[in-house]
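The structure appears right after this line, and notes come after that.
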4 protein chains.
Amino acid sequence: MNIGVIGCGYWGPNLIRNFNAMDNTTVVAVADKRKERLEFISKQFPSIKTLTTEANEILQSPKIDAIVIATPVSTHFPLGMEALAHGKHLLLEKPFTATVEQAEKLIEEAEKRNLRLMVDHTFIYTGAVQTIKKYIDNGDLGELYYFDSVRVNLGLFQHDVNVIWDLAPHDVSIMDYLLERKPKAISATGMAHFDSSIENIAYISTYYENNLLGHIHVNWLAPVKVRKTLISGSKKMIIYDDMEPSEKVKVYDKGVDIIKDKEQIYDMRVQYRTGDMIAPQIDLTEALKKISQEFYDAINENRDSLTDGKAGLRVVQILEAANKSIKANGKVIEL
Amino acid sequence: MNIGVIGCGYWGPNLIRNFNAMDNTTVVAVADKRKERLEFISKQFPSIKTLTTEANEILQSPKIDAIVIATPVSTHFPLGMEALAHGKHLLLEKPFTATVEQAEKLIEEAEKRNLRLMVDHTFIYTGAVQTIKKYIDNGDLGELYYFDSVRVNLGLFQHDVNVIWDLAPHDVSIMDYLLERKPKAISATGMAHFDSSIENIAYISTYYENNLLGHIHVNWLAPVKVRKTLISGSKKMIIYDDMEPSEKVKVYDKGVDIIKDKEQIYDMRVQYRTGDMIAPQIDLTEALKKISQEFYDAINENRDSLTDGKAGLRVVQILEAANKSIKANGKVIEL
Amino acid sequence: MNIGVIGCGYWGPNLIRNFNAMDNTTVVAVADKRKERLEFISKQFPSIKTLTTEANEILQSPKIDAIVIATPVSTHFPLGMEALAHGKHLLLEKPFTATVEQAEKLIEEAEKRNLRLMVDHTFIYTGAVQTIKKYIDNGDLGELYYFDSVRVNLGLFQHDVNVIWDLAPHDVSIMDYLLERKPKAISATGMAHFDSSIENIAYISTYYENNLLGHIHVNWLAPVKVRKTLISGSKKMIIYDDMEPSEKVKVYDKGVDIIKDKEQIYDMRVQYRTGDMIAPQIDLTEALKKISQEFYDAINENRDSLTDGKAGLRVVQILEAANKSIKANGKVIEL
Amino acid sequence: MNIGVIGCGYWGPNLIRNFNAMDNTTVVAVADKRKERLEFISKQFPSIKTLTTEANEILQSPKIDAIVIATPVSTHFPLGMEALAHGKHLLLEKPFTATVEQAEKLIEEAEKRNLRLMVDHTFIYTGAVQTIKKYIDNGDLGELYYFDSVRVNLGLFQHDVNVIWDLAPHDVSIMDYLLERKPKAISATGMAHFDSSIENIAYISTYYENNLLGHIHVNWLAPVKVRKTLISGSKKMIIYDDMEPSEKVKVYDKGVDIIKDKEQIYDMRVQYRTGDMIAPQIDLTEALKKISQEFYDAINENRDSLTDGKAGLRVVQILEAANKSIKANGKVIEL
């Protein structure tokens, strides 16, 4: 299967490396507006024949079966529609699109032409998230209470999108995948400390049925890198710390007993830990390797992928609502 | 100076120990409705003559100069008013009162009678917070951008107050002390997973002038204990981790350069750390020791204390607004 | 049972508190050469009638059934012999004695008079060590390979004993209890940086049958406090970190496959983690509470205690050999 | 400058990448006995013309100016002598040679022919070690007391060398570089748990003038990866933790006051931290990049490199003595 890649900034080379590593796929063409990036790619991947500044060369090439788009989000929709129009299967970088409307149109177009539409929600394919998913699906956590995620660091300020569009797609896609339900409402708080129109810190709250609460803190202005998610249920609680080299997921066999008698409560302080903690072994395969495989398989088996357009749409719906809430000073947005 | 203590649950004994340890103060009487607590106190502090189940014995005793109230918040106001009425100086446990109105009345009453009114905002007296205060007041952090605090653990569910009234007074009092300004508006999100009326998880956002943002996460349902505060300014950033045994405060000499050229931005990923980190030596004196001293000095010098009634009021205003916002589904409350 | 305590420095008050907390035992007399310590005790424990600077008052008192000795190690033997001579059961602080000969004499004397002789090897009674012991005794670790312990901090330099006699008794007693075997030989390295005769850093190696190796690093001159023990077996490995607030014991389901083919070895780097890690729930009861109970029970049931004189002797044998090795420039000492 | 690389196992590709990244050097030939490795290299570096299983093709090629040898240590000497005989400058992987005698002969040969002889002591070129070196050379640490290094993990068992030859070269080269003195004597302890002749755990003690003590723990059988070095002086102490993502070096402004009075000593326990801790910003440039540059510069400027043959020799002397001591059951080996 011949792959064309459009956009070779920070992430592009990783996509190329993984599609070239697979037996059944080869990256035959790469497009980027920046000549210096193309030179860099030619050094890194001398086997790639077509290196062009014109995306159309790839979008329209009859030799190409599938296209990977890793350009700024504002270009995802036009490039994506053009690719579909030429009968190409599509893998788009996250976030899927800049608006819900664009997402819906891409999905409709892909379905009409029976082409695969997939979004690179990388974390869904990590061993850590896959392990957490098993615990939740097995019912080990019991009834879910909340999902709390923190993704902060001294980040690179984007000039086109705010911190929500830059970092939150990771947390939102993980939350969407693990909880498997759509929020009833969303509210968000954010602040732009440098460019009045681009928030560099934001907090998103998502409200689900049955008192399930979601909360995400994304931040470009923190002194240390934090990637930490708390998931609490009635039976067990999970801490997912992506900065941990080996024990990324810790499952706590902890519950809560509500004791009215104050004295006993104070005793409880001592018996803090109520059960074992287990850090399950995690598959450390590179997520992008699994994504490339899933993209190929979905095309081959003519089926939806694990992170298809609909998954991308659900994420964009939450991002769009969060931004709407910020512009409305934290107003709760019903979905 | 003779001290009477009303309420001897978890915190009471610590207050007694510290007031007894001071030269100029002695705890002469203790009141608690629970006989078994009084027996416990008599074993621990056999020197204390008066042990009673009747608070009035203390409130009205002519031998007593000052009263410490460590009872549930709902009783702070009636007990406090009675104490002031009998000309006693007052140290109240946090939170100061259950409502803003109660706080204002206590302050008014104390001023009318020229009596000291002090709130036990313990953390303000820790070496950690005092150290951070110095950095902020020196201007080392530059313009303040945000204050983000997380205080979560597998906590004891209270049957009278929610997690905001239980845990947030710590963070709110620290935030009020460090930032030295009042929020323009407040919004909060919370959820009650067990008792429909008592939230066990909550997020509070506070909006200040000049884009300064505050955010607090309090939670009774987390598998591990977290006490972490991020304070970010234009010049430096601080992480205050109260769970660290020695290096509780870390000051990062980090800033942000906004580079439009994408390539350079990706290079920036490598040059992540932009300056030294310093963990200043911190005074480890027990905070309660300093509080007892401050209470005595304020009375002696007939002056306001570092955490006087007005400080207590400012904290209660935020707590009350946060609860109001939760009841209104996260509505922003102007102050 | 009436208890007398001789020596009330840092540890004494904890012993008193625990023996007073037990139903069947009461501390009736305390001796310390330092008047200010006796005053401190009288404030803390006003119920104690006899407070004296003369140990003999306690050693010879007919009202006293058992004696706890928490004095410098050099005095353990004479005080202990005198106590036994007066028919008192004995609990001695660690290290048991200053020499192997003294230990043997105390054991002999206690057996002759059928009196209990117990050593306060505190850590043996902690939930952490008890949990590790279970894993080892169950055979979960398989064949034991090594025991490596590090106990360092910015410590208080003793003027009478070196760092081995001060800190190593903890590690050696834990090692003796967990491994349940005696070393064939011992070698040690140490250095005195201040007082030429008192080592402030030392490394002890203990050699057992079947290639089992023990190693202990004790150090008064480290910037941070470390209390970390590695125990490795053919099936599982344990890390015991006493500085961890909750997860003190971590059991790693890890083994080693020896792959000759270099390529595969490099692959192995990726599959580093070969199984789950579990941090078992640990009993957080204060060790001293269990020690007091065990001392009482051993006397009551006329049986040896978990950490009897023989355990104390085995520890002193290793400490003595380690010091002998240091004086002989690291010479291996056969036992 | 044309570079030839002999040996392309785990480390080889990194060397090739860095020498190709430099302007003035190009890797023109690579030799490895394993055809699959050569194929791997041809994919990764298609620009390299000569790929051969015959080292001699490189050793004797007139087009090649300098040779990098990354083969098992047993082959370093014969390959190195052959390379020098053909007038090639040499960069050898660590450890430099399998014996002191081989090291001396290589140095002699290189000097005779005025060729550069350099050893890849990678860590010397890291920002962390360079930063520590500055602190020591500035005298900030005062008189040096000890160097304690731990390098353990679930390691790949080598079939040709033991854990000392595999891991200790890192610690020994760092120690040699930082302390800038040669030990008077060495002793070591080790154990082979699988192959009777190949130790998988070892402890090395190095004795210097003025009571300076060195100690290294290397271990292939630990459940977690530890890379931690303690360096203590009379004025300051350093912890170098290579597993820390950003704050690898921590400098503690801590000293020791020897207080004879026990009471005060116990007070000291509370005032544990005696000064600030600083984590200096560290240059994160890849060490191999600096090594390639240093190799080129040393050749170009016809001067010794920072890690020349003599540095390699000093490291091998310690490794050889440590192994001799292990075979002699921990006997102290005078140097």
Side-chain angles (χ1 to χ4, degrees), chain C residues 9-10 34 36-37 143 145-146 148 150 152-154 156-157 159 185 187 189-195 200-201 203 205 207 211-213 215 217 219-225 230 232 234 236-239 250 252 254 256 258-260 262-263 265-266 268-269 272-274 277 329-332, chain D residues 9-10 34 36-37 143 145-146 148 150 152-157 159 185 187 189-195 200-201 203 205 207 211-213 215 217 219-225 230 232 234 237-239 250 252 254 256 258-260 262-263 265-266 268-269 272-274 277 329-332:
Chain C
Y10 168 70
R34 299 158 297 180
E36 68 278 11
R37 290 305 293 168
E143 183 195 351
Y145 289 148
Y146 68 82
D148 177 279
V150 177
V152 309
N153 58 283
L154 197 58
L156 18 141
F157 281 60
H159 44 76
S187 70
T189 295
M191 200 59 75
H193 289 108
F194 300 87
D195 177 327
N200 51 271
I201 176 172
Y203 301 93
S205 296
Y207 308 86
N211 290 350
L212 174 58
L213 184 65
H215 191 273
H217 172 201
N219 189 338
W220 279 336
L221 209 63
V224 292
K225 193 174 181 180
L230 282 179
S232 180
S234 55
K236 287 187 174 166
M237 303 177 187
I238 285 178
I239 293 182
K250 293 180 175 174
Y252 293 84
K254 287 189 175 182
V256 169
I258 304 173
I259 303 157
K260 298 284 179 204
K262 273 217 173 295
E263 297 322 295
I265 285 171
Y266 300 130
M268 219 182 73
R269 282 179 188 263
Y272 188 88
R273 209 163 190 300
T274 60
M277 178 275 273
N329 301 314
K331 186 168 167 300
V332 175
Chain D
Y10 167 70
R34 298 158 297 182
E36 68 278 12
R37 289 305 294 167
E143 183 195 350
Y145 288 147
Y146 68 82
D148 177 278
V150 177
V152 308
N153 58 283
L154 198 57
L156 18 142
F157 281 60
H159 43 78
S187 69
T189 295
M191 199 60 75
H193 289 107
F194 300 87
D195 178 326
N200 51 271
I201 175 171
Y203 301 93
S205 297
Y207 308 86
N211 290 349
L212 174 58
L213 184 65
H215 190 273
H217 173 202
N219 189 338
W220 280 336
L221 209 63
V224 293
K225 193 174 182 181
L230 282 179
S232 179
S234 55
M237 304 177 185
I238 285 178
I239 294 181
K250 292 180 176 174
Y252 293 83
K254 288 189 176 183
V256 171
I258 306 174
I259 303 156
K260 297 282 177 203
K262 274 213 171 299
E263 298 323 295
I265 286 173
Y266 300 132
M268 220 183 73
R269 284 179 186 263
Y272 189 87
R273 209 165 190 296
T274 62
M277 177 273 273
N329 302 315
K331 185 166 169 302
V332 176

Exercise for the section: Identify, with sequence neighbours excluded, every residue that meets side chain to side chain contact (heavy atoms under 4.5 Å, CB included) alongside C:Asn211. Expected result: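 For C:Asn211 the side chain to side chain contact (heavy atoms under 4.5 Å, CB included) partners, ignoring immediate neighbours, are D:Met191, D:His193.
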
Handout entry: Engaged part of C:Ile239 at the chain D interface, taking heavy atoms whose separation is under 4.5 Å
Key =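 The side chain, not the backbone.
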
Handout entry: Part of C:Tyr145 lying under 4.5 Å from any heavy atom of chain D
Key =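 Contact with chain D involves both backbone and side-chain atoms of C:Tyr145.
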
What I'd like to find out is whether the side chain of [X] reaches to under 4.5 Å of the side chain of [Y], using heavy atoms alone.
{"X": "D:Tyr203", "Y": "C:Leu213", "value": "yes"}
{"X": "C:Val150", "Y": "D:His217", "value": "no"}
{"X": "D:Asn219", "Y": "C:Tyr146", "value": "yes"}

Handout entry: Interatomic spacing from CZ in D:Phe194 to OG in C:Ser234 - rounded to 0.5 Å
Key =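 The distance works out to 7.5 Å.
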
Handout entry: Engaged part of D:Ala185 at the chain C interface, taking heavy atoms whose separation is under 4.5 Å
Key =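 Neither the backbone nor the side chain of D:Ala185 comes within 4.5 Å of chain C.
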
Exercise for the section: Measure distances from D:Leu230 to the heavy atoms of chain C and classify the residue's part below 4.5 Å as side chain, backbone, both or neither. Expected result: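 Contact with chain C involves the side chain of D:Leu230 alone.
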
Practice task
Considering only heavy atoms and a distance below 4.5 Å, find which of D:Asn200, D:Asn329, D:Ile201, D:Val332 pairs most often with chain C.
Solution key: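 Of D:Asn200, D:Asn329, D:Ile201, D:Val332, D:Ile201 has the most heavy-atom pairs under 4.5 Å with chain C.
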
Problem - side-chain hydrogen bond (donor to acceptor under 3.5 Å, both in side chains) partners for D:Ser187, two or more places apart - result: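 Partners of D:Ser187 by the side-chain hydrogen bond (donor to acceptor under 3.5 Å, both in side chains) criterion, ordered by chain and then number, come out as D:Tyr207.
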
Exercise for the section: Check C:Lys254 against D:Leu154 and note the closest heavy-atom contact, atom names and distance. Expected result: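 Scanning both residues completely, I find the closest heavy atoms to be CD-CD2, 3.9 Å.
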
